[in-house]
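Down below is the structure, laid out as structure tokens.
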Amino acid sequence: MFFSPKSLKRMVIMSKQGKASTLDQAQHSAMLQFLSNSRHSERNKAIYLLTYRAGLRIGSVAGLRLNDVIDSSGKLKEVVNLHSSIVKGGKNYAAYINHPELRSALVDFLRIRRDRKGVDALFMSQKGTAFTPNSLSHLMLKLYGSAGFEQASSHSGRRSFATNILRSGVDIVALKTLMNHSNIATTAEYVSHNEEYLKQAILGA
């Protein structure tokens, strides 16, 4: 079976997402420091934190529109209703963007975001066009690699989000809702791979 170079690249990204590493607090701080000193820092920090602090998949981040995150008065929302067209599984769900760190980054980004006629996407590439899920995955892979996190991928922020939620003591049913999983068995995979959470569960029993 023949695979085009583009198909092979996509499979590499998907493979890396399946084994995506998580970032602890020190690594998270290092990533933010790196992004602060990079080109398009406001944009890239907002993208990264939407995965790390709100648990969004990179495909959903790519599909966000400006009006998804601000209301009619121009105020930043706390809850974003993600349309089924940009959500894995094809069903609407609510994403919470009320974490102070994320909100600060979004405000900073919105302050410098330039309007492009005919483009309503929240995030745009250097060319002024909307990102595709694949191009945004590539961008995050490149940023993680440049920051020194070679095992990280565009899914690392989402996995880190789940890890942080578990460590805060939130139960798996609530995490299932936050992750928009249709099956709790999918959510359970995040628990089974979270050794620290399992050790704390034993101590608290």
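Numbering starts at 1 and runs along the sequence shown.
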### Query
More than 12 foreign heavy atoms under 6.0 Å from CZ of R103: is that the case here?
yes
What heavy-atom pair brings [X] and [Y] nearest, and what distance separates the two atoms?
X: A147; Y: M31; result: CB-SD, 3.7 Å
X: D71; Y: S73; result: OD1-OG, 2.7 Å
X: R53; Y: E101; result: NE-OE1, 2.7 Å
X: I58; Y: P133; result: CG2-O, 4.2 Å
X: I97; Y: V79; result: CG1-N, 4.4 Å
X: A105; Y: L49; result: CB-CD1, 3.5 Å

### Task
Please step through side-chain contact (heavy atoms from CB on, under 4.5 Å) for the pair R111 and E42, ending with a clear verdict.
CA-CA 9 Å; R111 189 180 295 119; E42 292 90 353; over 6 Å; no
Are the side chain of [X] and the backbone of [Y] linked by a donor-acceptor contact shorter than 3.5 Å?
X: D68; Y: V80; result: no
X: S146; Y: K142; result: yes
X: S36; Y: L32; result: yes
X: R158; Y: M179; result: yes
X: K77; Y: N67; result: yes
X: N164; Y: F161; result: no
X: S154; Y: M140; result: no

Are side-chain heavy atoms of [X] and [Y] found at a separation under 4.5 Å?
X: L122; Y: F109; value: yes
X: L56; Y: L82; value: yes
X: L35; Y: Y48; value: yes
X: Y144; Y: S156; value: yes

### Query
Are R43 and M124 close enough, and set up right, to give a side-chain contact (heavy atoms from CB on, under 4.5 Å), and what steps lead you there?
CA-CA 9 Å; R43 182 199 69 185; M124 292 174 282; over 6 Å; no
Roughly how far, to the nearest 0.5 Å, is the [atom2] atom of [Y] from the [atom1] atom of [X]?
X: L106; Y: I47; atom1: CG; atom2: CD1; value: 10.5 Å
X: L166; Y: L175; atom1: CG; atom2: CG; value: 5.0 Å
X: F34; Y: Q27; atom1: CZ; atom2: CD; value: 14.5 Å
X: E189; Y: I184; atom1: CD; atom2: CD1; value: 12.0 Å
X: I172; Y: I165; atom1: CD1; atom2: CD1; value: 13.0 Å
X: Y96; Y: L102; atom1: OH; atom2: CG; value: 14.5 Å

### Query
Cut-off 3.5 Å, side chains only: do N134 and T132 have a donor facing an acceptor?
no
### Query
Between the side chains of S153 and H155, does any donor sit under 3.5 Å from an acceptor?
no
### Query
Are Y190 and H181 close enough that their ring centres sit under 6.0 Å apart?
yes
### Task
May I ask you to check whether H138 and F131 place their ring centers less than 6.0 Å from one another?
no
### Query
Of the options L50, L66, L136, which is the one that meets F123 in a side chain to side chain contact (heavy atoms under 4.5 Å, CB included)?
L50
